[in-house]
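All remarks here apply to the structure that follows.
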Amino acid sequence: MITKSSSPLSPAVTIRLSDIEVDYTSIMGADLVLEENKHDLLIIKMAGVPSRLILEYLNAPVYFVLDSGPGRQQIFVGYVSNISPVNQSTLGFVNKSPFQQVELYCVGASYYMKGTKSERWYPPTLSNIVSTMSKRYGFSADYPRDSYVPNGLVQTAESDWEFLVKTVNKYSHRVSVHG
């Protein structure tokens, strides 16, 4: 779905939900939440989604672009992790569906770094940690190179995401994962 209003100031929006049937005209809006040290979140609000399709959206790949012009583009790539359908029997059917509104909660790719594990990092440099995790999850990474080598770092019963954020914050940096 690609939309742009007649105003020259409005951004172009692209939304794609892969491998499932979607009536893109039923999309009422999307909220993109990007915060440092947190997983990216996209909430897609739809009207009148057929009952038979509600569960098919779960785990569907999502591609979202908010394009405000050259150099001002936000890209979200992730998956639908939760679905919140709303039915009010007094409001009747919308697009032949008893669900007047459905919200799709989509998490960015960094969400899959959530599994708990324990690991000893050697050498325990920021470069080693970021490059290892980038390869592990198929990300590209841009980070400052630092020559400081701490005595040792141990990841104990915490997710890769929690460990990465904690370690990067110790170096006075922040984490953001986009696209």
Side-chain angles (χ1 to χ4, degrees), residues 1-86 94-97 99-115 126 129-144 159-165 168-169 173-179:
M1 171 183 160
I2 300 175
T3 60
K4 183 152 174 74
S5 78
S6 57
S7 168
L9 301 176
S10 74
V13 176
T14 304
I15 299 176
R16 263 184 280 178
L17 290 129
S18 300
D19 304 328
I20 53 175
E21 179 185 329
V22 179
D23 177 5
Y24 286 101
T25 62
S26 69
I27 295 177
M28 300 184 311
D31 298 328
L32 181 61
V33 182
L34 306 173
E35 293 184 38
E36 289 181 340
N37 301 328
K38 295 192 178 180
H39 301 291
D40 294 350
L41 175 67
L42 175 68
I43 303 168
I44 301 173
K45 298 174 183 172
M46 302 176 74
V49 175
S51 305
R52 64 181 174 78
L53 291 178
I54 297 260
L55 290 179
E56 287 187 33
Y57 288 112
L58 198 57
N59 296 319
V62 177
Y63 176 75
F64 174 83
V65 178
L66 183 64
D67 189 352
S68 301
R72 295 185 322 226
Q73 188 180 64
Q74 287 294 332
I75 299 173
F76 173 91
V77 178
Y79 299 88
V80 177
S81 65
N82 191 25
I83 303 161
S84 177
V86 175
V94 173
N95 296 337
K96 301 179 184 175
S97 170
F99 297 104
Q100 291 87 9
Q101 183 172 331
V102 174
E103 290 183 350
L104 306 178
Y105 291 85
C106 311
V107 290
S110 66
Y111 188 71
Y112 291 97
M113 297 174 73
K114 69 181 189 299
L126 181 61
I129 293 167
V130 172
S131 64
T132 300
M133 286 191 186
S134 296
K135 288 176 190 165
R136 184 180 294 163
Y137 294 99
F139 296 150
S140 61
D142 183 23
Y143 54 94
S159 71
D160 281 348
W161 179 259
E162 291 168 326
F163 180 74
L164 179 64
V165 168
V168 167
N169 285 330
H173 301 297
R174 300 293 176 258
V175 176
S176 62
V177 180
H178 304 292

ask   = Roughly how far, to the nearest 0.5 Å, is the CD1 atom of I75 from the CG atom of L34?
value = 11.5 Å
task = Determine whether I44 and V62 make a side-chain contact, defined as any pair of heavy atoms from C-beta on separated by less than 4.5 Å.
result = yes
ask   = Out of curiosity, C106 SG to L41 CG, how far, rounded to the nearest 0.5 Å?
value = 7.5 Å
task = Starting at CG of L32, measure out to CG of L66 and round the result to the nearest 0.5 Å.
result = 7.0 Å
ask   = Which residue pairs pass the ring-ring contact (aromatic ring centres under 6.0 Å, His included) test when at least one of the two sits in residues 41-74, sequence neighbours left out?
value = none
query = Would you call D67 and T14 a side-chain contact if the rule is heavy atoms closer than 4.5 Å?
reply = no
Residues that K114 engages under salt bridge (charged side-chain N to carboxylate O under 4.0 Å, His left out), provided they are two or more places apart = none
inquiry  = I'd like to check the side-chain hydrogen bond (donor to acceptor under 3.5 Å, both in side chains) partners of S81; sequence neighbours left out, ordered by chain and number.
reply    = none
request  = Identify, with sequence neighbours excluded, every residue that meets side chain to side chain contact (heavy atoms under 4.5 Å, CB included) alongside S84.
outcome  = E103, Y105
note = Rounded to the nearest 0.5 Å, the CZ atom of F163 sits from the CD1 atom of I129 at a distance of 4.0 Å
Pairing residues for E162 by the side chain to side chain contact (heavy atoms under 4.5 Å, CB included) criterion, not counting sequence neighbours = E158, S159
ask   = In Å, rounded to the nearest 0.5 Å, how long is the span from CG of L17 to CE of M46?
value = 6.5 Å
remark   = The side chain to side chain contact (heavy atoms under 4.5 Å, CB included) partners of N169 (sequence neighbours excluded) come to N37, V165, R174
query = Going from CG on D40 to CD on E35, what distance comes out if it is rounded to the nearest 0.5 angstrom?
reply = 9.5 Å
task = Check side chain to side chain contact (heavy atoms under 4.5 Å, CB included) between S110 and all other residues, then give those that pass, not counting sequence neighbours.
result = H39, M113, W161, V177
Compile the donor-acceptor pairs under 3.5 Å between side chains in residues 133-140 and protein atoms, sequence neighbours left out, one pair per line.
from : atom 1 : to   : atom 2 : distance (Å)
S134 : OG     : V130 : O      : 2.7
R136 : NH1    : D160 : OD1    : 3.3
R136 : NH1    : D160 : OD2    : 2.8
R136 : NH2    : E119 : OE1    : 3.2
R136 : NH2    : E119 : OE2    : 3.2
Y137 : OH     : D160 : OD2    : 2.5

ask   = Considering residues at least two apart in sequence or located in another chain, which fulfil the ring-ring contact (aromatic ring centres under 6.0 Å, His included) criterion with Y79?
value = Y112
